Colleague: 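Have a look at the structure that comes next, please.
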Amino acid sequence: MALASHLSQALFPAASPSAAAGALLASTSPLPVRHLLQLHAHLLRTGVLLLSPTAASAFFSVAASSLPSLRALAVLQHHLTAASLPSTFCCNSILRCLSESDALSFLRRMRTLGRRGNAFSLAILLKPCRTLSHARQLHANVVIEGHLRDSLLATSLMRSYAICGVGDCARKVFDEMVMKDTVAWNVLITCYARNKRTKDTLWLFDEMRRGESEVKPDEVTCILLLQACTSLGALDFGEQIWEYAVEHGYGCELKVRNSVITMYTRCGCVEKAYQVFCHTPQKSVVTWSAMIMGLAANGFGEDAISAFEEMSRSGVVPDGQTFTGVLSACSHSGLVDEGFRFFDMMRYEYKMMPNVRHYGCIVDLMGRAGLLDEAYELVVKEMKVAPDATIWRTLLGACRIHGHVDLGEKVISHLIELKAQQAGDYVLLLNTYAAAGDWEKVAEVRKLMRENEIQTTPGCTTVELNGELHEFIADDASHPRKAEIYGKLDEINRHLRIAGYVPHVSSDLHDLDSEGKECALTYHSEKLAIAFALLVMPQRRPIRLAKNLRVCVDCHNFTKVFSGVYNRLVIVRDRTRFHHFNGGQCSCNDYW
DNA sequence: TTAGGGTTAG
């Protein structure tokens, strides 16, 4: 403030341009916006800004360092003329302070006044660039100014395209690059991975490994690819990456190990994840959280809690994600009291503010305990953060279980308000009415769905066999081995009935009599996939299935009994978790 | 002359 006042005194009212520039150049500390604007107005009024490029340059330097995110500079730039335009060096320091669109308009203004900017200007502009049209404009500039040989600049451009979700543009820049280093490859991989082009991502690894260039995958490449395998559930490929990492000396990198732990748990291989975890000497909070979340998602709730306690004993402090893991362990395994204990611990002992995901777990737990109205009150009155669609969906799921029709209707209205309702939500509401036996309402919702052209996602189960995916939908008749599969399923059904399996008829929505419902349940996609796996897979190998929706209660019971009668380990990954069926049991308790 | 920019763990 003292400096600002000194400057004002030096410049008001009759300071010469050189005195003004001198005073401005002498200032080293930032000025408040108010003083800066006063100063600017004065410099304009007295003509200093027009008469002295040195003073203008000095002024913008001070302004740039004073105002980190400066809308005012965007206004100021319109007063620039060719004579008052600061040097490119100074312009770049102004560019660094502007928002994405203001910086672009400033660059255009510079060009209008005959100043082109340089590679530094483009580097500054590309850093915050997150808009496709801006990326395209900057791309044109990079080409026109002949900077395509600058590999850092080109990589920066690829990164912007990656953020904008246009993989093909990033690839084009990559293909035109003269020197493609590992970072450029990694940025391209990130781009494909972000845009869910997972298979292309995996191809790039092969291309990199087998290519003739010197560039080989490094630890960052391994991390990126492991993440891609995680999202794809590609166990075999994930293991190849892990082998590569170990062979090339990246096996001890903590970030790589943490990614491997996640990859294994997300592919349902908890034991292998645990092996890697145990052999990791310096476990960070990320390592512990990855293991805790992995155990939770696979239904090993008690083990997740033990891991949390061991982590605390070892002196590692939990963070928000650790609590997400341990709370979801409690909710997936139905450990209601434990869940509330951890929720209190995070709030009162660790003084953490719960986020939407933490509340989501608590709402799920309350739903399990039948505390539906209390859960609704919590969401509406106590939550410090705005509830998202997932929270409402969780509560809607609990309404279905308990047949709480009134609350279900209230919850769906919140989803509609959020404009977030999906076909699955209407199905949940439909199920709620079905659970309450209100077939008239079921028909009403069906009509509503038809009128609004709401398409439901058909349940689909996949089995991987020798790298090939076999897909099944309910009552599927498309598989070439259809007759054998249906025959096998009938045989399995007979055996399971003897062992005590009884179809869970309310799992089906149709308003049929009990016998009709049994028929409709018989050929659900999971059951067809299990019959197929039994036909084609060698004995002792675990049967791994992936289901796009939630496993229904009847299929859950069916698979549980199946795992005991046929002595097979069945691992099912559905939309939210893993189910490990073994010896007539499942890793998740009281599944609804 | 000065100044600038790219990838990475749960």
Side-chain angles (χ1 to χ4, degrees), chain A residues 25 57 61 64-65 86-97 103 117-129 138 142 147 150-163 170 173-174 177 179-194 201 204 208 215 217-228 230-231 242 245 250 252-266 273 276-277 280 282-297 304 307-308 311 316 318-326 328 357:
Chain A
L25 283 168
S57 193
S61 286
S65 66
S87 66
T88 308
F89 171 68
C90 179
C91 285
N92 285 346
S93 59
I94 295 169
L95 278 173
R96 209 178 310 122
C97 305
N118 55 17
F120 289 92
S121 325
L122 292 168
I124 294 163
L125 281 154
L126 274 168
K127 198 173 165 68
C129 174
L138 291 170
V142 169
H147 297 303
D150 185 333
S151 66
L152 264 76
L153 209 52
T155 315
S156 196
L157 183 59
M158 282 171 63
R159 175 184 163 271
S160 293
Y161 277 134
I163 294 167
V173 176
F174 179 79
M177 279 173 76
M179 291 288 292
K180 300 174 175 65
D181 62 8
T182 314
V183 181
W185 280 91
N186 290 345
V187 172
L188 189 61
I189 289 172
T190 310
C191 182
Y192 283 167
R194 267 199 194 146
T201 311
L204 281 179
M208 240 180 140
V215 176
D218 66 359
E219 78 271 26
V220 178
T221 322
C222 292
I223 290 165
L224 294 169
L225 288 158
L226 285 164
Q227 289 171 332
T230 301
S231 67
W242 177 220
Y250 308 127
C252 295
E253 297 276 343
L254 191 57
K255 287 183 182 177
V256 174
R257 298 185 76 88
N258 294 340
S259 304
V260 171
I261 292 169
T262 304
M263 183 275 292
Y264 271 134
T265 62
R266 296 288 294 141
V276 179
F277 172 80
T280 303
Q282 299 283 319
K283 299 178 185 67
S284 70
V285 65
V286 178
T287 320
W288 283 100
S289 304
M291 195 65 238
I292 290 169
M293 284 194 257
L295 287 165
F308 181 89
M311 180 191 89
V316 174
D319 66 8
Q321 293 206 58
T322 327
F323 277 106
T324 305
V326 81
S328 76
R357 282 189 299 281

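None of the values given here were measured: they were computed from a predicted structure. A note on names: the letters A, B, ... follow the listed sequences, proteins ahead of strands, and every chain is numbered from 1.
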Colleague: Could I get the full list of side-chain hydrogen bond (donor to acceptor under 3.5 Å, both in side chains) partners for A:N92, not counting sequence neighbours?
Modeller: A:N118, A:S121

Colleague: What string of B, S and - do you get for nucleotides 5-10 of chain B, 5' to 3', when a contact is any protein heavy atom under 4.0 Å?
Modeller: BBBBBB

Colleague: What residues form a side-chain contact (heavy atoms from CB on, under 4.5 Å) with A:S289, not counting sequence neighbours?
Modeller: A:V285, A:M293, A:D319, A:T322

Colleague: B:dG4 base stacked by A:F120? Criteria: ring centres under 5.5 Å, plane angle under 30°.
Modeller: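 It does not: the ring fails the test against the base of B:dG4.
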
Colleague: I'd like to check the side-chain contact (heavy atoms from CB on, under 4.5 Å) partners of A:T280; sequence neighbours left out, ordered by chain and number.
Modeller: A:L254, A:R257, A:V276, A:K283, A:T287

Colleague: Taking side-chain contact (heavy atoms from CB on, under 4.5 Å) as the test, write out the residues that go with A:V183, two or more places apart.
Modeller: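 A:T155, A:D181, A:V187.
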
Colleague: Who passes side-chain contact (heavy atoms from CB on, under 4.5 Å) against A:A193, sequence neighbours left out?
Modeller: A:T201

